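Bear in mind the structure is a predicted one, so any value in this text is a computation, not a measurement. In each ligand, atom 1 is the first atom listed, and ligand 1 is the first ligand listed. Only heavy atoms go into these numbers, but all of them, side chains included; no hydrogens, no water, no symmetry mates.
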Amino acid sequence: MAAVMRTGFCSLMFLVFTSSQSLFERQLTVQLNPGSTSPPPGGDLLHVRALGDNDTLHYLFCSQGAPTLLLIHTNSSSSTLQVDWPQFLARNTSGSLRVEPESSILYSTAVVFSRLLEYDDVNDTADPTSDLFPPYELQNFTWSRLNLTGAAARLCGAVTNTSSGVLCLQLSVFESDGRGQTWPRLIHTANSSQLEVWIDGLLPRAARSRFLLELQAVGGAYPLSRVEVHRSIDDEYMPSIFKASHWVSAANGSSDVQSFVQWKPVAYRRSDPVLEDAMPCRHSDPQPQSAETTAAASGLIQAFYSEPDTFGLNVSFGLAGEPFYNSTKFLSWTVLVGVGSPPVDSFSPLVVAIMAVGLGTPVILLLLGGLWVCVRKKAADSTTAYEPIN
Ligand SMILES: *[C@@H]1O[C@H](CO)[C@@H](O)[C@H](O)[C@H]1NC(C)=O
Ligand SMILES: *[C@@H]1O[C@H](CO)[C@@H](O)[C@H](O)[C@H]1NC(C)=O
Ligand SMILES: *[C@@H]1O[C@H](CO)[C@@H](O)[C@H](O)[C@H]1NC(C)=O
Ligand SMILES: *[C@@H]1O[C@H](CO)[C@@H](O)[C@H](O)[C@H]1NC(C)=O
Ligand SMILES: *[C@@H]1O[C@H](CO)[C@@H](O)[C@H](O)[C@H]1NC(C)=O
Ligand SMILES: *[C@@H]1O[C@H](CO)[C@@H](O)[C@H](O)[C@H]1NC(C)=O
Ligand SMILES: *[C@@H]1O[C@H](CO)[C@@H](O)[C@H](O)[C@H]1NC(C)=O
Ligand SMILES: *[C@@H]1O[C@H](CO)[C@@H](O)[C@H](O)[C@H]1NC(C)=O
Ligand SMILES: *[C@@H]1O[C@H](CO)[C@@H](O)[C@H](O)[C@H]1NC(C)=O
Ligand SMILES: *[C@@H]1O[C@H](CO)[C@@H](O)[C@H](O)[C@H]1NC(C)=O
Ligand SMILES: *[C@@H]1O[C@H](CO)[C@@H](O)[C@H](O)[C@H]1NC(C)=O
């Protein structure tokens, strides 16, 4: 009895404990085109400073060329960003964007959204290597100015400034733990940012078109060279998705992960999706990429890195049998980019409550049952005790 109670109680405490989250916070400061007197031609540069107790995360998001997010972690609470604008805009030298003092930099990671690929899936096999159309080079898109809302920024681009379809990215930087408002409702921490990518209204080049997105990850000492697929929890936040992919550096031991790109293998066919609008996606193995090509594609990479160590992969949307792109002409996918270990799912409060009820009810019943037996026994004892008097 006591053992059962203890087990139930311990499971309960374990659940409550694992579902609670830390209270680490960062102070965010948002700056658009820091140090520039006028909006720079060719695209904006966003700087979000996320100040911790004695470290700083510098998030840089830029559309000079292919959209790029650069994350620099320093061990100082007073590190600063320096941009030499004429050099930065010339896009032919490294060192035009720096974080000082340089000795405070622990490491850096960047993600470049380099290309959007489209293929004609005539036989509905979802084989992304056949019947490819010429790729959309995102560096050649016409990008809007950044639309800022707090510590979030939206960037939309199109093939030309007159085409109707757009590819948009929405960056959100967080000051504390939480969970995304929209599916896939990724868990985030104060050490991570979220990027949602979507295409809306882009005209497909075939009735049975499917899409791929090519990403390049640039690292300092430890490039992101492998993807680990982890199990994740199925709950009301993320129904029927059991996996999370973590693109991490190959530095030995998973506890040593310095930075990551994390996603769930799911995309959505509508901007306000229901469960049926979810679509599985797959990724290819990270491949080493040409440093020159990446630097040429992204102004931010060119400006910060002298020797960008780059790995790239493709994410393909939709499996055989899934509806084609032109069923909705919309596609959205979300990643988390951050430092330290990727956040892992914990049980949601609803699941905890259900499990608590599931585990708690038998315990209460046992307790009540035990009490009832005791009371009955006592009553019986009392009855016998009084019998002789009768
Ligand atoms: C970092 O900050 C914490 C609390 O503010 C302090 O206790 C700790 O000594 C600091 N560490 C370093 C290396 O400065
Ligand atoms: C970079 O480009 C600018 C103008 O386009 C030019 O003046 C400068 O010499 C170039 N620098 C290098 C290192 O090529
Ligand atoms: C930050 O780290 C660098 C290199 O690891 C070290 O030289 C520097 O002293 C550190 N700075 C602080 C403020 O801890
Ligand atoms: C599609 O199927 C047809 C007939 O089976 C075949 O001839 C064709 O090569 C296939 N196309 C692709 C891209 O697999
Ligand atoms: C994209 O722009 C680059 C640099 O301006 C150019 O070399 C390349 O040919 C363009 N690609 C396409 C597909 O237009
Ligand atoms: C700016 O972004 C907000 C959401 O972040 C959106 O509601 C608004 O329509 C956007 N404005 C423009 C001009 O795109
Ligand atoms: C589109 O770009 C062309 C030149 O590149 C320019 O003349 C035209 O005004 C632009 N249109 C809009 C709506 O911005
Ligand atoms: C975020 O980074 C800070 C400083 O490196 C660390 O103390 C904290 O534990 C991290 N939080 C998470 C959730 O990883
Ligand atoms: C997809 O596009 C083709 C023509 O390109 C059209 O015939 C077909 O009806 C479209 N399908 C949907 C579901 O809109
Ligand atoms: C990882 O550790 C193994 C042995 O423990 C070693 O052979 C390998 O070179 C290490 N890899 C890296 C990237 O440090
Ligand atoms: C993405 O797919 C395209 C088409 O198959 C291929 O040319 C390209 O090399 C792939 N990119 C990466 C990084 O694997």
- Query: What atoms of ligand 11 come closer than 4.0 angstrom to any heavy atom of Leu313?
  - Reply: 13 (C)
- atom 1 (C) of ligand 11 has as its nearest protein heavy atom Asn314 ND2, 1.5 Å
- Task: Would you mind listing which atoms of ligand 6 come within a distance below 4.0 Å of any non-hydrogen atom of Thr149?
- Result: 5 (O)
- Message: Please work out, at 4.0 Å between heavy atoms, whether the side chain, the backbone, both, or neither of Arg26 comes within that distance of ligand 8.
- Response: side chain
- Message: Testing Glu137, Gln289, Glu214 one by one against Ser114 for a side-chain hydrogen bond (donor to acceptor under 3.5 Å, both in side chains), which residue passes?
- Response: Glu214
- Message: Hydrogens and angles aside, do His58 and Ser79 bring a side-chain donor and acceptor to less than 3.5 Å of each other?
- Response: yes
- Query: How far is atom 10 (C) of ligand 6 from its nearest protein heavy atom, and which residue and atom is that?
  - Reply: Asn147 ND2, 2.3 Å
- Message: When you compare the side chains of Thr129 and Asp127, does any donor N or O come within less than 3.5 Å of an acceptor on the partner?
- Response: yes
- Taking N or O atoms only and a 3.5 Å limit, does Asn191 qualify as a polar contact for ligand 8? yes
- Query: For Asp131 and Arg205, what are the C-alpha separation, side-chain angles and deciding distance, and is it a salt bridge (Lys or Arg N to Asp or Glu O under 4.0 Å)?
  - Reply: CA-CA 11 Å; Asp131 282 312; Arg205 285 172 278 183; over 6 Å; no
- Message: Which of the numbered atoms in ligand 6 are under 4.0 angstrom from any heavy atom belonging to Arg154?
- Response: 4 (C), 5 (O), 6 (C)
- Where does Val339 meet ligand 8, judged by heavy-atom distances below 4.0 Å: at the side chain, the backbone, both, or neither? neither
- atom 5 (O) of ligand 6 touched by protein heavy atom at under 4.0 Å: yes
- Proximity of Leu132 to ligand 11 by residue part, where a heavy atom lies under 4.0 Å: side chain
- Message: Looking at Asp55 and Arg26, is there a salt bridge between them, counting it only when a charged N and a carboxylate O are closer than 4.0 Å?
- Response: yes
- Task: Using distance alone, with no hydrogens and no angle criterion, decide if Asp177 and His188 have a side-chain donor and acceptor under 3.5 Å apart.
- Result: no
- Query: Asp121 and Arg208: salt bridge (Lys or Arg N to Asp or Glu O under 4.0 Å), yes or no, with the steps?
  - Reply: CA-CA 5 Å; Asp121 192 8; Arg208 311 189 126 212; over 6 Å; no
- Please could you name the atoms of ligand 11 that Gly312 approaches to less than 4.0 Å, counting only its heavy atoms? 13 (C)
- Task: Could you list the atoms of ligand 8 found under 4.0 angstrom from a heavy atom of Thr189?
- Result: 13 (C)
- Donor-acceptor under 3.5 Å (Arg185 side chain, Thr182 main chain): no
- Note on the structure: Heavy-atom proximity to atom 11 (N) of ligand 11 ranks first, among Glu214, Arg115, Gln216, for Glu214
- Query: Are Ser78 and Ser76 linked by a side-chain donor-acceptor pair shorter than 3.5 Å?
  - Reply: yes
